[in-house]
Protein chains: 2
Amino acid sequence: MTLLEDYVELIADLLKEHGEARTTDIARILGVTHPTATKTIARLRREGLAVSRPYRGVFLTEAGIALADRVRRRHRLVVELLIAVGVPQESAEADAEGIEHHVSDVTLSAFERYLKKSAAGGRSLGATGKP
Amino acid sequence: MTLLEDYVELIADLLKEHGEARTTDIARILGVTHPTATKTIARLRREGLAVSRPYRGVFLTEAGIALADRVRRRHRLVVELLIAVGVPQESAEADAEGIEHHVSDVTLSAFERYLKKSAAGGRSLGATGKP
DNA sequence: TTCGAAATATAGCCAAAGCTACATTTTCGT
DNA sequence: ACGAAAATGTAGCTTTGGCTATATTTCGAA
Ligand SMILES: [Mn+2]
Ligand SMILES: [Mn+2]
Ligand SMILES: [Mn+2]
Ligand SMILES: [Mn+2]
């Protein structure tokens, strides 16, 4: 289940890394068929998050860029939190993809505080191996 | 977004507490309209998780009960984990409702280990107030 | 330059989770 | 016992995220 937010995040990445974001690449990377990607891109346009012309790539609007930034930050914090409490990296990456979309701002702030604390003195908890 | 799993969990609770699970109560508690609840209950029947006869209540099959148990346990662990890392209780309860559906078994095991550890010696991290 | 491959577009279908509107059946109070 | 209120059922619509099949356009290699 790839949400609209994930498209925005990926498109921002592709634009930064390759200067372009093509439908085929988006579909392949997200593991969906290209009509599915096309339809979602149409929604991005409708909602003012992206612009695109037929047979040319997709580009983000200011609003799209802002959303991508927020989504990416939240994604990273969720992965880090999961790893910090001892979730194996692979599971953390996989589960974060779903979990991230249900993390409120309040919860995200708590994650940030926790990560700051555990980066400092929290040596006894989390992904430090077997007891 | 109330998933099938949440219906099963709630129906199990209602059956345990009141001996019956009525469509109206299910709908009211989940905050959906009754046709939505009815439709989901039909899916529960189709998938062998519940039985029901017109105008009588809903009951869970063995499979339904088993699912309810797993879902409830996972729900509780997610809430506890969130609280343990410092998420305010209200946000923990609210966000867990969405997060729970994306927590794999591996991640859930990690949550369990973490909670066991932090119950023992992890006094410096989590919901212990301001530093 | 041209033709085949790759990319893109479009049409039409599905399931889950939601809604409103309306019909029917139970239940309950008088 | 009866009628109104409550509960339940049903029809039909929406959105999001999927799919397959088919048409069209663009691109690249010979
Ligand atoms: Mn995601
Ligand atoms: Mn993500
Ligand atoms: Mn839930
Ligand atoms: Mn739940």
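Naming convention: chains lettered A, B, ... in sequence-line order (proteins, then strands); numbering from 1 in each chain.
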Q: Under the side-chain contact (heavy atoms from CB on, under 4.5 Å) rule, collect the residues that match up with B:T36, sequence neighbours excluded.
A: B:Y7, B:V32, B:T33
Q) With sequence neighbours excluded, what pairs up with B:R74 under the salt bridge (charged side-chain N to carboxylate O under 4.0 Å, His left out) test? A) B:E5
Q) Going by heavy atoms closer than 4.0 Å, what residues in residues 51-63 of chain A are next to DNA chain D? A) A:Y55, A:R56
Q: List in chain and number order the residues that pass side-chain hydrogen bond (donor to acceptor under 3.5 Å, both in side chains) with B:E20, two or more places apart in sequence or in another chain; answer none if no residue qualifies.
A: none
Q.
If the condition is side-chain hydrogen bond (donor to acceptor under 3.5 Å, both in side chains), which residues does B:R45 pass it with, not counting sequence neighbours?
A. B:S52
Q.
I need the CZ-P distance between B:R45 and D:dG9, as an integer number of Å.
A. 8 Å
(Q) Per the ring-ring contact (aromatic ring centres under 6.0 Å, His included) rule, what does the pair list look like for residues 52-109 of chain B, sequence neighbours excluded? (A) A:H102-B:H102
Q) If you check every side-chain atom of A:P35, which of C:dG18, D:dT20, C:dT8 has the closest atom? A) D:dT20
Q: Applying side-chain contact (heavy atoms from CB on, under 4.5 Å), name anything that partners B:A63, two or more places apart in sequence or on another chain.
A: B:L49, B:T61
**Q.** Protein-nucleotide distance (A:R22, atom CZ; C:dA7, atom P), rounded to Å
**A.** 5 Å
Q) Taking DNA chain D as the partner, which of residues 2-14 of chain B come within under 4.0 angstrom of it by heavy atom? A) none
N/O donor-acceptor pairs under 3.5 Å from side chains in residues 86-95 of chain A, not counting sequence neighbours:
| residue | atom | partner | partner atom | Å |
| --- | --- | --- | --- | --- |
| A:Q89 | NE2 | A:E93 | OE2 | 3.0 |
| A:D95 | OD1 | B:S104 | OG | 3.4 |
| A:D95 | OD2 | B:S104 | N | 2.9 |
| A:D95 | OD2 | B:S104 | OG | 2.7 |
| A:D95 | OD2 | B:T107 | OG1 | 2.6 |

Q) Which part of the nucleic acid, if any, lies within contact of B:T23, taking any heavy atom under 4.0 Å across all strands shown: a base, the sugar-phosphate backbone alone, or nothing? A) sugar-phosphate
Q: Quick one: label A:T24 by what it contacts on the DNA or RNA (base, sugar-phosphate, nothing), any heavy atom closer than 4.0 Å.
A: sugar-phosphate
Q. At what distance, to the nearest 0.5 angstrom, does CG of B:L81 lie from CD of B:E100?
A. 13.0 Å
Q) Given atom CE of A:M1 and atom P of C:dA15, what is their separation to the nearest angstrom? A) 16 Å
Q: Answer with base, sugar-phosphate or nothing: what part of the nucleic acid does B:T33 contact at a heavy-atom distance below 4.0 Å?
A: base
